[in-house]
Protein chains: 2
Amino acid sequence: MDLLESISRERNLPVTIQRRVVLNALLDRDDHPTVDQLFEDVKVRMPGVSRTTIYRALETLVELGLARRTNHFEASARFDGNTDHHHHLVCRRCNHVADIDHPSLKKFTPPHLGNTAFKVLDYSIHLEGLCAECQKRGSKSAPKKQTAKRPRALSR
Amino acid sequence: MDLLESISRERNLPVTIQRRVVLNALLDRDDHPTVDQLFEDVKVRMPGVSRTTIYRALETLVELGLARRTNHFEASARFDGNTDHHHHLVCRRCNHVADIDHPSLKKFTPPHLGNTAFKVLDYSIHLEGLCAECQKRGSKSAPKKQTAKRPRALSR
DNA sequence: CTGCCTGCAAACGATTTGCACCAGC
DNA sequence: GCTGGTGCAAATCGTTTGCAGGCAG
C-alpha cells in the first residue's frame, strides 16, 4: 500500500523520513505549493530540516513519478515575437520549446467557463515528450542541466 | 505601418531606439530566444546596450502586446502531487495556477506525430486569462509582482 | 560496512532596483 | 522642460553545489 516504499525499492533508493514527510506534505495540499511553502509545512513536523533537503526530495519524487512540476521551468525566461496563438512542444529532457502547428490541434476549442469564474483570454496546448535529439541520446546520458551560459560575465 | 509607433502613441510612451531594436531582434528570430540571446543580437547594432535595457524593453513589449513569454514564468517552481493528467488555468495577472477538469477538455486527444520527430508522452491544456479575483480588482491596480516571500531568511 | 542522504554555508545565475544622466516629445 | 528611459553597479532571490557527518539497507 505504500507507493513510495515500493517504488524506492525498485530503484534501490533508501526511504528516508524526509522524503516521506515531503511527499505527505505535498499530498496534503490541493494547490501547487512552492518549495518554500512545503518547507514551512515540513518544518512543523521536522523542525530541523533544511530547505536544500526539500529541493532534493522534490527532485527525487519527480524522478520517481510521484510528483510533478506544474510550471515548465527553465532557468531563464524566453520570449516570442509571434503573438498569434500557437502551441508548444516541450522536451522533458532538454527543456527545448518548439512551436507546433498540427491540423489536429485546430479542432480544439476552449470551453467558455462563464465569464464569472475565469475569463479565458487565450489557450495553448503543451505537448510534453522527447525531442528527436533526446530520443537518440537515449535515457542514459546526462539529464541535461540546462543553464544558458552568459558568455563573458564582466565579473565583479 | 509601424505598429510599435502607433501602440506607443496610444499609451503616451516614447518610442526609443532601444525598444525598436529589441523588437526587431525578436522578430528576426523564429525560435524563442532568451534575454541573453537577444542581448547578443542587439549588441551587434548597439554596442553600448546594457542587459538591463533588454529586460526592460521586453517587459514593455509584452505589456504592449507585441511580444510574449513562452514559458509561464514564475519566480519559483511549483509542484503538484497529482500525477494524473489534468489541465491548468493560469491567471495572466497574478500568475495563480489552478487545476481544471471540464468535460469539454476530455474531448481533446493529442496528435501522434510519428515517433521519429517528437515522442509525445503527455499533454496539457493551459487556459490563460483572468481569475475571479483579478477580474474584480480591475485592470488598474498593481500588475502584481509576485515574489513568494521567504519568511525569515537567516540572513548572512 | 557502503552508498546514498542530510544540513550547512557558500557559490551561482537570472532578474531587479537605486541612482545619476540622457532622450523623446 | 518634463517625463520616462537608459546604463551601471549592487542587491535580491531562487536554486545548486561542496563538503563533513549520518542513516538506511
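Labels below follow one simple rule: chain letters A, B, ... track the order of the sequence lines, proteins then strands, and each chain is numbered from 1.
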Legend entry - Integer-rounded Å distance: D/dG25 P and A/E10 CD: 15 Å

Inset, instruction - Could you state the atom-to-atom distance from CG of A/L38 to C1' of D/dT15 in whole Å? - result: 15 Å

Inset, instruction - Please state how far atom CD in B/E40 lies from atom P in C/dA14, giving the value in whole angstrom units. - result: 12 Å

Inset, instruction - Kindly say whether, by distance alone, the side chain of B/R19 makes a donor-acceptor pair under 3.5 Å with the base of C/dG24? - result: no

Legend entry - Interatomic spacing from CZ in B/R29 to CG in B/D31 - rounded to 0.5 Å: 4.0 Å

Legend entry - B/T53 side chain near D/dG7 phosphate (N/O to OP1/OP2, under 4.0 Å): yes

Inset, instruction - Please tell me which of the listed nucleotides, C/dA14, D/dG25, C/dC25, lies nearest to the side chain of B/V15? - result: C/dC25

Legend entry - is_close_aromatic(B/H88, A/Y123), centroid dist under 6.0 Å: no

Inset, instruction - With B/T60 as reference, evaluate B/L58, B/V62, B/L64 under the side-chain contact (heavy atoms from CB on, under 4.5 Å) test and give the passing residue. - result: B/L64

Inset, instruction - Return the angle between end axes of the helix from C/dC1-D/dG25 to C/dC25-D/dG1, with five pairs used per end and rounding to 10°. - result: 40°

Inset, instruction - Select from A/Q18 and B/P14 the residue whose nearest nucleotide in DNA chain C is closer to the 5' end of that strand. - result: A/Q18

Inset, instruction - May I ask you to verify if any side-chain N or O of B/T60 is less than 4.0 angstrom from the OP1 or OP2 atom of D/dG5? - result: no

Legend entry - Rounded distance [0.5 Å steps], CZ in B/F79 versus CG in A/L26: 8.5 Å

Inset, instruction - Specify the separation, in whole Å, of atom CZ of A/R20 and atom P of C/dT6. - result: 13 Å

Inset, instruction - Could you tell me whether A/T52 contacts a base, only the sugar-phosphate backbone, or nothing, with contacts defined as non-hydrogen atoms closer than 4.0 Å? - result: base

Legend entry - First encountered from the 5' end of DNA chain D, between B/M46 and A/R9: B/M46

Legend entry - Most 5' of B/N12 and B/S50 on DNA chain D, judged by nearest nucleotide: B/N12

Inset, instruction - Starting at CG of A/L61, measure out to CZ of A/R69 and round the result to the nearest 0.5 Å. - result: 12.5 Å

Inset, instruction - Applying side-chain contact (heavy atoms from CB on, under 4.5 Å), run through B/Q37 and A/R78 and close with a yes or a no. - result: CA-CA 10 Å; B/Q37 286 169 340; A/R78 288 182 179 270; 3.9 Å; yes

Inset, instruction - Mind calculating the distance between CZ (A/R51) and P (C/dT6) to the nearest angstrom? - result: 16 Å

Legend entry - Given A/D99, A/D80, A/D122, the one that forms salt bridge (charged side-chain N to carboxylate O under 4.0 Å, His left out) with B/R68: A/D122

Legend entry - Whole-Å distance separating the CD atom of A/E5 from the C1' atom of D/dA24: 11 Å

Inset, instruction - Quickly work out the A/L61 CG to C/dT6 P distance and round it to whole Å. - result: 10 Å

Legend entry - base_contact_polar (D/dG4 base, B/R56 side chain, donor-acceptor, <3.5 Å): no

Legend entry - Distance in angstrom units between B/Y55 OH and D/dC13 C1', rounded: 13 Å

